[in-house]
Amino acid sequence: MLQVQVLRSHTAEVKQKLAKKQFKQPELVDLIISLDDERKRLQNEFDQTQAKVNAASKEIGKLMAQGNKEAAEATKLDVAGWKAALEPLKEQMVKVEEELQAKLVLLPNLPADAVPEGKTPEENVVVREGGQKPALYAGAVPHWDLIKQYDLVDFETGAKITGSGFPLYKGKGAKLQRALIGYFLDYNTAAGYTEYIPPYLVNEASAFATGQLPDKEGQMYHATADNFFLIPTAEVPVTNIYRDTIVKESELPIKMTAYTPCFRREAGSFGKEVRGLNRVHQFDKVEIIQLVKPDASYAVLDEMVLHVENLLKALQLPYRILRLCGGDMGFTSAITYDFEVFSAAQERWLEVSSVSNFESYQTNRMKCRYKDENGKTQLTHSLNGSSLALPRIVACLLENFQTAEGIELPEVLRPYFGGTTIN
RNA sequence: GGUGAGGUGGAUGAGCGGCUGAAAUCAGUAGUUUGCUAAACUGCCGUACGGGUUACUCUGUACCGCGGGUUCGAAUCCCGCCCUCACCGCCA
């Protein structure tokens with residue numbers, strides 16, 4: 001979340017940036033500042049009264065030790081009076097603080113200057129394209145047909161076991177998943193990312209820290225008996241490794257990668273858009289995450305974009321990189337690049353990665369800080385990106401590399417797949 | 001799941017109603033000295049939110065797993081919860 005201090009010192013600028021993100025309640029900023037004023041006032045009054053109580057309590061101890069019982073009893077009466085005053089103060093303080101917090105989490109992150117103006121996905125800006133769109137042979141079909149033809153994924157049985165959107169990978173389909181995960185992780189660790197296998201369920205505090213709560217609970221599966229949430233992305237458990245920590249400056253940047261299944265309820269959409277592997281409730285993804293010094297975060301963002309781009313190049317997939325406009329960005333992000341690959345048989349661009357800089361928005365919630373060279377404690381910046389999400393990569397691989405004889409996998413995957421062709 | 005023990009600052013670990021925001025040791029850090037692939041000595045060394053100054057300093061409050069309670073006063077007593085460890089049970 002945003003820091004109240006920033007709202008205070010750059011009020012007009014904050015409102016202007018919120019508008020770029022299509023945020024419609026600029027008056028919240030003023031409300032938050034006035035709530036914070038009230039909070040300070042109450043705390044000041046509370047602290048001063050509490051200080052009197054503390055001083056008197058010490059005095060009582062001394063008087064008792066001297067055997068001056070009368071004076072001690074008299075002082076107790078004073079204390080009783082102050083304590084009576086403290087109670088309503090405390091109540092108000094808690095109330096104001098809760099309200100302040102409740103309002104503060106409603107403010108999305110501020111967009112970076114480089115973020116284009118715009119409301120809808122149509123206004124996203126294509127930064128660059130790469131790779132070659134393949135010329136498919138005459139018999140080419142969409143991936144859902146290929147999946148049937150080669151018996152790679154059994155959606156019907158997945159639906160029987162759980163529900164629609166829970167694919168059952170099978171045979172070479174399952175092996176391809178494993179190959180991709182292995183390749184992606186090796187690619188990431190070679191670039192200096194430390195591999196993790198995190199828990200796939202998280203508690204409320206973790207879901208809050210990365211911004212899934214309070215307002216995206218509808219997106220997550222909720223294990224109510226224990227109040228755990230199934231992770232929608234590895235970002236949640238992995239970023240939370242550093243919740244409530246102060247790291248040394250020398251430890252930065254912290255680079256982490258993890259494969260996890262991801263669970264998303266994705267309520268409300270259907271049809272061709274979600275056919276086959278285009279959109280599912282459970283999917284596999286390898287994520288990269290960095291915690292860095294604030295002044296480094298934009299260079300790191302570029303580095304991560306390049307990292308993902310090179311991965312797509314290695315897979316020989318036609319791709320394009322979009323800079324999302326203010327209205328299409330996520331709530332917690334300061335700037336986001338989406339990566340799309342061209343699924344040749346569907347003739348559609350499919351999103352396979354999203355790389356974002358969150359600046360200090362997540363780390364402020366998480367209380368992830370570092371000590372700078374002056375010994376001052378500062379928030380780190382956090383970034384993450386998919387490297388990569390599997391289902392749409394699979395869809396694209398199947399469609400783009402199909403031949404009459406089978407699917408000829410790109411070079412880099414062959415050692416992991418243990419073969420060259422799906423047939 | 002059952003039983004028992006325990007959760008104190010970066011680590012180990014003392015304190016078990018007021019002198020404790022917290023001993024000691026280690027680690028860290030700044031310096032002094034001797035000198036050499038290091039040792040000795042000295043200082044500093046938690047976080048958050050305030051006040052005041054806004055440069056350093058100064059000052060208030062809160063925090064000893066979390067939340068409540070008792071008390072003039074709680075790390076210290078009581079209750080609930082969470083977590084860790086050990087043993088048993090069950091199990092991939």
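These figures come from a predicted structure and were not determined experimentally.
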Paired with B:A48: which nucleotide, if any, by Watson-Crick or G-U wobble criteria at under 3.5 Å for both distances?
-> B:U61
Contact class for A:R369 (heavy atom, under 4.0 Å): base, sugar-phosphate, or nothing?
-> sugar-phosphate
Just how far, in rounded Å, is C1' of B:G65 from CG of A:D244?
-> 13 Å
Between B:C83 atom P and A:N203 atom CG, what is the distance in whole Å?
-> 10 Å
Using whole Å, report how far NZ of A:K376 lies from C1' of B:G46.
-> 17 Å
C1' spacing across the pair B:C81 / B:U29, given as an integer number of angstrom = 40 Å
In plain terms, say whether A:R8 and A:D37 are close enough for a salt bridge, that is, a side-chain N and a carboxylate O under 4.0 Å apart.
-> yes
Is there a Watson-Crick or G-U wobble partner for B:A23 with both distances under 3.5 Å, and which nucleotide is it?
-> none
Could you tell me which nucleotide pairs with B:A40 by Watson-Crick or G-U wobble geometry, both distances under 3.5 Å, or answer none if nothing does?
-> B:U32
B:G67 - base-pair partner by Watson-Crick or wobble geometry, distances under 3.5 Å = B:C79
Write down the distance separating the P atoms in B:C87 and B:G15, rounded off to the nearest Å.
-> 27 Å
Here the distance between atom P of B:G73 and atom CG of A:L86, to the nearest Å, is 10 Å
Hey, are A:E13 and A:K17 close enough for a salt bridge, meaning a charged N less than 4.0 Å from a carboxylate O?
-> yes
Of the candidates B:C49, B:A62, B:C19, the side chain of A:Q43 sits closest to B:C49
Taking the same atom, C1', in B:G65 and in B:G7, what whole-Å distance lies between them?
-> 6 Å
Under a 3.5 Å cut-off for both distances, is B:C16 Watson-Crick or wobble paired, and to whom?
-> none
Base, sugar-phosphate alone, or nothing: which one does A:N54 contact when heavy atoms must sit under 4.0 Å apart?
-> sugar-phosphate
Could you tell me whether A:A56 contacts a base, only the sugar-phosphate backbone, or nothing, with contacts defined as non-hydrogen atoms closer than 4.0 Å?
-> nothing
For the pair made of CD in A:Q5 and P in B:C49, what is the distance, rounded to whole Å?
-> 9 Å
Charged N to carboxylate O under 4.0 angstrom, A:K76 versus A:E73?
-> yes
Hey, would you say the A:Y319 and A:F339 ring centroids sit under 6.0 Å apart?
-> no
If each of A:Q48 and A:K40 is mapped to the nucleotide of RNA chain B with the nearest heavy atom, which maps nearer the 5' terminus, i.e. the 5' end?
-> A:K40
B:U70 to B:A11 separation - C1' atoms, rounded to the nearest Å = 35 Å
Among B:U47, B:G18, B:G60, which nucleotide sits nearest the side chain of A:T377?
-> B:U47
Who does B:G1 pair with, Watson-Crick or G-U, both distances under 3.5 Å?
-> B:C88
Quick one: is B:G28 close enough that its OP1 or OP2 comes under 4.0 Å of any side-chain N or O from A:K371?
-> no
Just how far, in rounded Å, is C1' of B:G50 from CD of A:Q50?
-> 14 Å
With respect to the side chain of A:N44, which nucleotide from B:A62, B:C72, B:G51 is positioned closest?
-> B:G51
When rounded to the nearest Å, what value does the distance between C1' atoms of B:U25 and B:G13 take?
-> 8 Å
Quote, to the nearest angstrom, the C1' distance that separates B:U8 from B:G21.
-> 11 Å
P atoms of B:C58 and B:A75, separation to the nearest Å | 24 Å
Heavy atoms under 4.0 Å, any strand shown: does A:L77 hit a base, just sugar-phosphate, or nothing?
-> nothing
What integer distance in Å separates A:E38:CD from B:C49:P?
-> 19 Å
Report the residue from A:K371, A:Q378, A:K293 that forms a side-chain hydrogen bond (donor to acceptor under 3.5 Å, both in side chains) with A:E249.
-> A:K293
Between A:N357 and A:S297, does any side-chain donor sit less than 3.5 Å from a side-chain acceptor?
-> yes
Within this structure, what is the CD-to-C1' distance between A:E98 and B:G67, rounded to whole angstrom?
-> 14 Å
Taking atom C1' in both B:G6 and B:C16, what distance in whole Å separates the two?
-> 15 Å
Can you figure out which of B:G50, B:A48, B:C72 approaches the side chain of A:D36 most closely?
-> B:G50
Side-chain ion pair, A:E156 and A:K148, N-O less than 4.0 Å | yes
Closest to the 5' end of RNA chain B, once A:R39 and A:K248 are matched to their nearest nucleotides, is A:K248
